[in-house]
Amino acid sequence: MDFSISKQEEAFRQELRTWLEENLPEGWLQGNRELPEDKADYAVFLRKWQNTLYEGGWGAISWPKEYGGREATLMEEIIFYQEMVRVQAPPLINYIGIHMVGPTLIQSGTDEQKEKFINKIITGEEVWCQGYSEPNAGSDLAAIQTSAEKKGDQWLINGQKVWTSFGHLADKCFLLARTSTHPEKKHRGITAFLLDMNQSGVETKPITQMDGQQEFNEVYLTDAVAYDADIVGELDKGWRVMIALMLHERTGIGAELFTLEKRFDDMVAAIKDYQINGRPVMDDPSVRQKLASFYARFRGSLLNYYRNLTSTLKNGHPGPESSIDKLAVSELTKEMAGFMMSLQGHRGMLWKEDAPIDPVWQDEYLFSFGQTIGGGTSEVQRNTIGERVLGLPKDMGR
Amino acid sequence: MDFSISKQEEAFRQELRTWLEENLPEGWLQGNRELPEDKADYAVFLRKWQNTLYEGGWGAISWPKEYGGREATLMEEIIFYQEMVRVQAPPLINYIGIHMVGPTLIQSGTDEQKEKFINKIITGEEVWCQGYSEPNAGSDLAAIQTSAEKKGDQWLINGQKVWTSFGHLADKCFLLARTSTHPEKKHRGITAFLLDMNQSGVETKPITQMDGQQEFNEVYLTDAVAYDADIVGELDKGWRVMIALMLHERTGIGAELFTLEKRFDDMVAAIKDYQINGRPVMDDPSVRQKLASFYARFRGSLLNYYRNLTSTLKNGHPGPESSIDKLAVSELTKEMAGFMMSLQGHRGMLWKEDAPIDPVWQDEYLFSFGQTIGGGTSEVQRNTIGERVLGLPKDMGR
Amino acid sequence: MDFALNEDQEMFRSYLRKYLDKVGQTKVAREFIKGNTNEFTVVMNGLAELGATAINIPEENEGLGLGAVDLVPVFEEMGRVVLPGIYLETMAFAVPLLEKYGTEEQKAKYLPDIAAGNKQLSLAWLEPVKDYSLDQIECAVKEEGETLVINGVKELVPDADFADAFIVVVRNSNDGLSLILVDRDDELSIRPQKCMDESRHLGEITFDEWAVPKSQLLGSWNQGVNLLEEGILYLNAGLSSLLVGGMEKVVGMATEYANIREQFGQPIGRFQAIKHTIVDMKMDLEMARSLSYYASWTLEEMDAEKQKAAVYSARAFATEAFIRLASENIQIHGGIGFTEEIDCHLFLKRARFYEHYLGSVRDYNELLASALGWNKNETSKNMKAEKVVHGQ
Amino acid sequence: MDFALNEDQEMFRSYLRKYLDKVGQTKVAREFIKGNTNEFTVVMNGLAELGATAINIPEENEGLGLGAVDLVPVFEEMGRVVLPGIYLETMAFAVPLLEKYGTEEQKAKYLPDIAAGNKQLSLAWLEPVKDYSLDQIECAVKEEGETLVINGVKELVPDADFADAFIVVVRNSNDGLSLILVDRDDELSIRPQKCMDESRHLGEITFDEWAVPKSQLLGSWNQGVNLLEEGILYLNAGLSSLLVGGMEKVVGMATEYANIREQFGQPIGRFQAIKHTIVDMKMDLEMARSLSYYASWTLEEMDAEKQKAAVYSARAFATEAFIRLASENIQIHGGIGFTEEIDCHLFLKRARFYEHYLGSVRDYNELLASALGWNKNETSKNMKAEKVVHGQ
């Protein structure tokens, strides 16, 4: 066992840390981390941040050097996320482009596709979204019904996508559509398209979440147009492309985990400061007990992640154990957020500017309900772990 | 709403109470409640107790008067169990006979069967057991494989039963066997037999439980013999007989619930007395919290039972809601027993004569694991509630 | 043995449900959230016309003269639709206290108006940076001639902006607690407070030398603790039924969705992860319902110790259970459950609203323990509460 | 980043597993329960031959000179087969303390024998009607010339009847705590105590003017608290691995049974109630394993505060998780799981055995809180720990 990091890795961390100190948006390090409220300004701000990263050489660190990357090792990628969480850097607007679409095109895109898309991803010029889920295909992704039909040299795409993050800001969409309607198995006959979002056949509609935010979109496709040149991989073999694409996300839920770590520290700090009736809440033995049990679970999740990372480093790709990380982190995040609500007593119902500690805890609580749903529900994660890690029998319909 | 009991019911309770005070085994009321260790003596003791009940007019209170019963109302039956639990009366060795076989035969037995069996049930002369579960048919009872084949005027029964309570003491068995091997649905083609246990084709073997006790048996059937006259209801229609038979158990899990109530009171009393390091355990806020939450759940279970009873009184028969009672009581019993273990600290591992409070808590704990399995596992109860109470879709294979 | 609502009560429930269905169920709450409180006012008037606001008011004060159990179906139906407002505080706190401790003048002033649906009373208890502990009350009252003068701040007062009067918990000059009826007045300084459950209005009221007539004292001086204790029993019995109503709806939503939503070619209710979760929700619901029925029944039939045990256990259980159920309901609905569009979140936020309202689950468990005589040993009370092994 | 056992450690594990499989896995424990302790002795000798008893003993004392992480696979494999005995107390308490605080004479007397598998040491700490709090220790030692004289009673001493020596926690004349090495002696009064986990022997030892040479003092006078605190770190790191071994086996049993047992025409592992339960067991197992690996690793690499946080959290988590897993395993096995015949109950009873051994989960959580600097505010320590609303 060896938790130390190499000199090279340490140098990487220092270089990044220094760069961040100099290049984070103004006032950021001092705690002024407001993102623009206006949606257009918000997009401009985040594209600019992506471009700043790119110009500093941090736009897509795991990419090959020829495409502007620095061929970062997996450990360096981990360090990258640790540092981003440490300074609470602005969100990455082009995560999908950088971690999924880019590497996929680099690996198996046509020369034309590489030429056309890759540089604009890393610079932030073109933001990508992901067109996977549909109203009737959530956990059961293979049930998608959005269809692509060839008319002349055009593919006409019709259907509806949902839960598309950044859909309203995106220029391009990595979209799954059905090109063969009666396949033997329903995950066949699906094709992966690189779709232009800026066309009349594409309409996005924001979804208001239970926390009042709008981070996701419905995308309505009405004779949206794509061409043969926009197909990734082979026709009808989009499922395979999607699986390969997921393997490029090699840091798994690292970023969420480091965020959880930070959240836990923030929670402890907030509790240390919090008093009710002049009595420090940290004096309450049941609070200490609960925190201790969260500590064990959060440390356990983090260490699990490192253990899985060790095996990713050995095998070159993540295994189904990543579902263990996802399940642990999402459930724990939700539970911790609920605890922090309870801790604030009746006054914890006060929200926004009236919140007793910091409105972030109320917002986090509401948002946390999405964690165990998005990216595969906890139920789906349990099936994956049961079947692929433990070898239990397959579920109905799978 | 009305929780009061009628004058007649109150008189019933008083009569029973007085009778019990005069007729319980010697020393019983004073707390000397040892049952004979020797198995034969044990059976003799319990048969005698059944006979005492019979002679006092309490042998089978819900039966018609002509068979020695007193046509007790459902409320009187409830009161009967409350009182039995209150004085911690000896167990009823012939529960199966009195609550299931007797009423079934009275309702739909042949005259010959009534003549032959019924009186011996109520007197305790013949003890009955139940031959349902098999090694490969537990939760899935309809999967039984024990077969009955007609040879001449004899039915030859072959197979293995398991989890037969009092099997080693029983004279008779209410047994389900397959008489038709390829039915359309597997719960068809099963016949209910009244089997004589005292024959060479029947061999019982006790099962040692994880608590060291032997309360159940395996029953091996090798050309065990029954006759047409021993069939209850129609050939191949035994499933229906079994369902009707279950409806005769109209007090549901009443007795278990009253036992749980007593157990809870005993637990509180024990905790009030218990000290560690000279500090009363009841002073520990977390213990009080836990007890309070058990209190709510146990009261809730009891009140639920009364609510279901109210509807049984209205409808004349118990509904699928009885699964709610069973699930609640068994899970709570197990959880309470686990809590009582934890409460005793490391010293709680001491057992039998060395137990720190009373060995009953250790025994209860181990025994409690059977509660959520026997009589239908918690998983099966949840399916029943989901499908029959809530109307959710049927499970696989059902 | 008859443990069920009677026919009249069930019939009244069906009228209410029909009416609330007609007005769009949670539509009232949704409009309220948007700031359209009109619809809420209309519905409260409609409920008053059905008699909901007269149930437990004595006949001599123009009410129906019924009891706590008769309120159960009303609370349940209101809980089902996440209705805003302070019907609970009015009917299950103000009314029983006014009836038992109010002067004839006070009864005449408030009860007929409540019965007719023209008055709603709220409760001003909590003070900034405090919890509900009564020894923390600082809001003070002093007698000046024929008036009572109040100074202090109350916060998280439900419907501070709507209520026609407030029962205010105050400390009097000889350090006792008393309750004062304060009528709404445009001069009263009220600062709205933003609630995570946006279907609730909360406000901070500042009493600055605020004078009310002496006749507004509810009960006698120093009787506040007793009155609160008694009022809290009624309020929590009613609250338990409100919570049960919410739970019932949530279980219904989950069941319905599990029957119609298909994934992997199956209605999701066929998957045991979903099915058994809903069953456990149903278990909690039925447990809470039995406890809440019984709690209200004891208010009519049993002595104070039995009432406490019944009410506190119902309140504690239902509070936790509703949060659990409302959370699971979101998970069962998946993505759509996370949206503002579907009702799931309304129930979750309401469940959280009541989590610590007038005391936490922990408080009620501790009160239950006392009511059941699980006495702490007084002599050991001052020992260190927490000992740690290894001499640390 | 390399967070895994290394090849040598994994290879050693495979030798151990092969050997323990060969001797029938839980057969040793089952024979032990029946009173046939012979088989256990044979297996302990076998393990000693494989080197298991020499791992962390310094080379100069005829050991292998390896560290805490190298013990991990041994503990895990022992946990898998519910092995009886005090290997844990010997290797993960006595050895590190002897190595660090023992005199040369003591090392020479005990370590080579331990390495060769000829000596096992137990721990005599708990006293009747007490818990593990050190301020409760009454067992006394006094110096009389060249001997130490012990008076007092210790109970629940593991393998009181087998151990070759005991580390006894005693109070010395100036009220400090010290540790004394007491060798086994037929004159020593030992009363066996019946353990619910029958694969463990426990005993109550009465020291009545029991004299040992002065050279048997371990460490210096009054150093007991520090030594215990340090020893407890090693012991709990090892214990966590023991528990993980048990958990791993239990998850394996449940998985295997769910794949072969059919009901309703399906392997029961196809039902999500079973499948997801096993997955949650697996989650706990992997969490506990990561925590336990890390705990042992800190003993070799990190400072005391980091060690405490790592060890206490591993211990607390693994203790609770093992009970949970062992319980679920019975439920998944159904009726057969409730019988004595199947191993399920052996794991449950062993899990319960360790629940409070050398401190409860609550104790360790509290110790963890202190180690992480979640300080209680000293000034408020004497306030009433529990306040209740409503002035009660």
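- In this structure, chain C has heavy atoms under 4.5 Å from both the backbone and the side chain of Ser301(B).
- Ranked by non-hydrogen atom pairs under 4.5 Å with chain C, the options Ser6(B), Ala292(B), Ser378(B) are led by Ala292(B).
- Rounding to the nearest 0.5 Å places OG of Ser323(B) at 9.0 Å from CE of Met283(C).
- For the atom pair OG of Ser313(C) and CZ of Phe294(B), the computed distance is 15.0 Å after rounding to the nearest 0.5 Å.
- For the pair Tyr295(B)/Trp374(C), a side-chain contact is recorded, criterion being any heavy-atom separation below 4.5 Å from C-beta on.
- Proximity to chain C (any heavy atom under 4.5 Å) is restricted, for Glu387(B), to the side chain, taken from C-beta onward.
- Looking at Leu327(B), the atoms closer than 4.5 Å to chain C (heavy atoms on both sides) sit in the backbone and in the side chain alike.
- Within the 4.5 angstrom heavy-atom criterion, only side-chain atoms of Gln272(C), from C-beta onward, approach chain B.
- Here the straight-line distance linking atom CD1 of Ile5(B) with atom CE of Met1(C) works out to 8.5 Å at 0.5 Å rounding.
- A donor-acceptor pair under 3.5 Å is absent between the side-chain atoms of Glu366(C) and the main chain of Gln289(B), judged by distance alone.
- Ranked by heavy-atom pairs shorter than 4.5 Å toward chain C, the options Leu302(B), Ile271(B), Leu74(B), Asn383(B) are led by Asn383(B).
- Of the listed residues Pro393(B), Ala296(B), Gly300(B), the one with more heavy-atom pairs under 4.5 angstrom with chain C than any other is Pro393(B).
- With rounding to the nearest 0.5 Å, the separation of CE in Met1(B) from CZ in Phe3(C) is 5.5 Å.
- Neither the backbone nor the side chain of Asn308(B) has a heavy atom closer than 4.5 Å to any heavy atom of chain C.
- Of the listed residues Glu301(C), Arg289(C), Glu320(C), Glu300(C), the one with more heavy-atom pairs under 4.5 angstrom with chain B than any other is Arg289(C).
- In this model, a donor atom of one side chain and an acceptor atom of the other lie less than 3.5 Å apart for Asn304(B) and Ser290(C).
- No side-chain donor-acceptor contact under 3.5 Å links Thr310(B) to the backbone of Ala4(C).
- Here the NZ-CD distance, from Lys282(C) to Glu321(B), works out to 7.5 Å after rounding to the nearest 0.5 Å.
- Contacts with chain B were tallied for Asn6(C), Ile278(C), Val251(C); Ile278(C) has the most, counting heavy-atom pairs under 4.5 Å.
- Residues Gly386(B) and Lys275(C) come closest through the heavy atom pair CA-CG, 4.3 Å.
- Taking each heavy atom of Lys394(B) and Arg270(C) in turn, the nearest pair found is O-NE, 2.8 Å.
- Heavy-atom pairs under 4.5 Å with chain C peak, among Val389(B), Ile385(B), Leu390(B), at Leu390(B).
- Sorted by first then second residue, the salt bridge (Lys or Arg N to Asp or Glu O under 4.0 Å) pairs that include residues 304-315 of chain B, not counting sequence neighbours, are Arg307(B)-Glu286(C).
- Residue Ala328(B) comes nearest to Met287(C) through the heavy atom pair CB-CE, 4.2 Å, listed as atom of the first residue, atom of the second, then distance.
- Phe271(C) does not touch chain B: none of its heavy atoms, backbone or side chain, sits under 4.5 Å away.
- Both the backbone and the side chain of Ala309(C) come within contact range of chain B, with heavy atoms under 4.5 Å apart.
- For the atom pair Thr298(C) OG1 and Phe3(B) CZ, the distance stands at 10.0 Å (nearest 0.5 Å).
- The stretch residues 253-267 of chain C participates, sequence neighbours left out, in no salt bridge (Lys or Arg N to Asp or Glu O under 4.0 Å) pair at all.
- No more than 12 heavy atoms of other residues, nucleotides or ligands lie within 6.0 Å of NZ in Lys306(C), so this atom counts as exposed by the packing criterion.
- In this structure, Ser293(B) and Asn365(C) approach most closely via the heavy-atom pair N-OD1, 4.4 Å.
- Among all heavy-atom pairs drawn from Asn259(C) and Leu392(B), the shortest one is OD1-CA, 3.8 Å.
- Counting heavy-atom neighbours within 6.0 Å of Arg388(B) CZ, excluding the residue itself, gives a total of 12 or less.
- Ranked by non-hydrogen atom pairs under 4.5 Å with chain B, the options Val69(C), Val361(C), Leu5(C), Asp280(C) are led by Asp280(C).
- The neighbour count for Tyr81(B) OH, taken as heavy atoms of other residues, nucleotides or ligands under 6.0 Å away, is above 12.
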